[in-house]
2 protein chains.
Amino acid sequence: MATLKYSRQREAIKEYLSHTHDHPSADTIYMHIRQQYPNISLGTVYRNLNLLVEQGEIIKINCQDGSDRFDGNTDPHYHFLCKDCNNVLDLEMKSIDHINVIAGADFDGKIEGNVTFFYGLCPECNRQHEV
Amino acid sequence: MATLKYSRQREAIKEYLSHTHDHPSADTIYMHIRQQYPNISLGTVYRNLNLLVEQGEIIKINCQDGSDRFDGNTDPHYHFLCKDCNNVLDLEMKSIDHINVIAGADFDGKIEGNVTFFYGLCPECNRQHEV
DNA sequence: ATAATAATAATAACTATTACTGGAATGGAG
DNA sequence: CTCCATTCCAGTAATAGTTATTATTATTAT
């Protein structure tokens, strides 16, 4: 069962995610892959995205609006959501893992990790607001 | 439009949320309010929850599974999600607002805030795991 | 008390996602 | 190489969570 058979569709999805630095939604990925494989189905995109997440080859980001975004960069890093253009960016920043310790200070259970993202205005939208 | 007409159903929802320290889903709230108003509809619950969120009287928590949870405690505080029992707890902890500064250090846009929650095992589930 | 207005119940619609189906391509055993 | 099982695919149906619509009822102002 760990033996995934090769599939060009899945490969194309992985390829696309590894080259884009957007954090596209399943639908956006679908639109894009369709240029190469015009009759791929949305179901196939979803199934393969989930397979790739299970394999740890990509990351699923749970966005505010309830829709999922996907990220080919599996290195631990933080995300930024622009309130204006709704884009998701990567943040280059120091680790904030110490907040787990802060959170666990007065907590009787076990803190295993945290999910954190930042929001505000992305560089581009910020410039437009200043005008 | 800021003048919301009184409604006992909305009042009951607010009342319920202010007294429970769970973080119930719309459906759970619906089940509960129905004991008092047996013919309230789920649509009414959703509409009033969103109204209350708009008014800033309650908070909407965007959970992992995509479903929304609601919290009558509008003071800023952090949440903990148990991976075992899936309950959401409040965390008593020091502020971690400084992570906004860390995040903004090398960022050209504007960081306005962050959404953070912690996960792991709640006190109860943690005990059971140790057995 | 009556008219105007806003809230409700019920239901339809919508979005994102997952599951199912029949059929085609792939990979290994012989 | 051929057979067979497996895994894949496209297409579609189904589901969950939520929001919008509509006809009806309740609340407020006159």
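Every heavy atom of this structure was used, including side-chain atoms; hydrogens, water molecules and symmetry mates were not. A, B, ... follow the sequence lines: proteins, then strands. Residue 1 opens every chain.
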Distance below 4.0 Å between A:Y46 side-chain N/O and C:dT18 OP1 or OP2
no
Specify the separation, in whole Å, of atom CZ of B:R34 and atom P of C:dA10.
10 Å
Between C1' on C:dA6 and CG on B:L51, what's the gap in Å once rounded to a whole number?
11 Å
Of the listed nucleotides D:dT18, C:dA9, D:dC8, the one nearest the side chain of B:S67:
D:dT18
Counter-base of C:dT15, judged by Watson-Crick or G-U geometry with both distances under 3.5 Å:
D:dA16
Complement of D:dT24, any strand, by Watson-Crick or G-U distances under 3.5 angstrom:
C:dA7
Nearest-angstrom distance from the residue atom OH of A:Y6 to C1' of D:dC9
14 Å
D:dC1 - base-pair partner by Watson-Crick or wobble geometry, distances under 3.5 Å
C:dG30
When you measure from the side-chain N and O atoms of B:R8 to the phosphate of C:dA7, is any distance below 4.0 Å, counting only OP1 and OP2?
no
Between A:I61 (CD1) and C:dT17 (P), how many Å, whole number?
13 Å
Just the rounded figure in Å: distance from C1' of C:dT17 to CG of A:N48.
15 Å
Nearest-Å distance, CG (A:D27) to P (C:dT15)?
11 Å
Base, sugar-phosphate alone, or nothing: which one does B:R47 contact when heavy atoms must sit under 4.0 Å apart?
base
Can you tell which of C:dA9, C:dA16, D:dA10 lies closest to the side chain of A:N39?
D:dA10
Proximity to the side chain of B:T44 - top-ranked nucleotide from C:dT18, D:dA10, C:dA9
C:dA9
Ignoring backbone atoms, test whether B:N50 places a side-chain nitrogen or oxygen under 4.0 Å from the OP1 or OP2 oxygen of D:dT19.
yes
How close or far is atom C1' of D:dA10 from atom CD of A:Q36, stated in whole angstroms?
17 Å
Expressed in angstrom and rounded to an integer, what is the separation of A:Y37 atom OH from C:dA24 atom P?
20 Å
If you define the side chain from C-beta out and look only at heavy atoms, does anything of B:H79 sit under 4.5 Å from B:D71?
yes
Checking A:I29, A:N48, A:V45 against A:I40 for side chain to side chain contact (heavy atoms under 4.5 Å, CB included), the one that qualifies is A:V45
A:S67 and A:D27, any side-chain heavy atoms less than 4.5 Å apart
no
Comparing nearest nucleotides in DNA chain D, the 5'-proximal residue of the pair B:F70, A:L42 is A:L42
From C:dA9, D:dT18, D:dG11, nucleotide with atom closest to A:S41 side chain
D:dG11
Is there side-chain contact between A:P123 and B:F107, with at least one heavy-atom pair below 4.5 Å?
yes
Note: for B:S7 and B:D68 on DNA chain D, the residue whose nearest nucleotide lies more 5' is B:D68
Answer yes or no: does a side-chain N or O of B:Q9 lie under 4.0 Å from OP1 or OP2 of D:dA26?
no
Judged by atom type as modelled, is there a donor-acceptor pair below 3.5 Å linking the side chain of A:T20 to the main-chain atoms of A:L17?
no
Taking the six-membered ring for Trp, are A:F118 and A:Y78 parallel (under 30°), tilted (30 to 60°) or perpendicular (over 60°)?
perpendicular
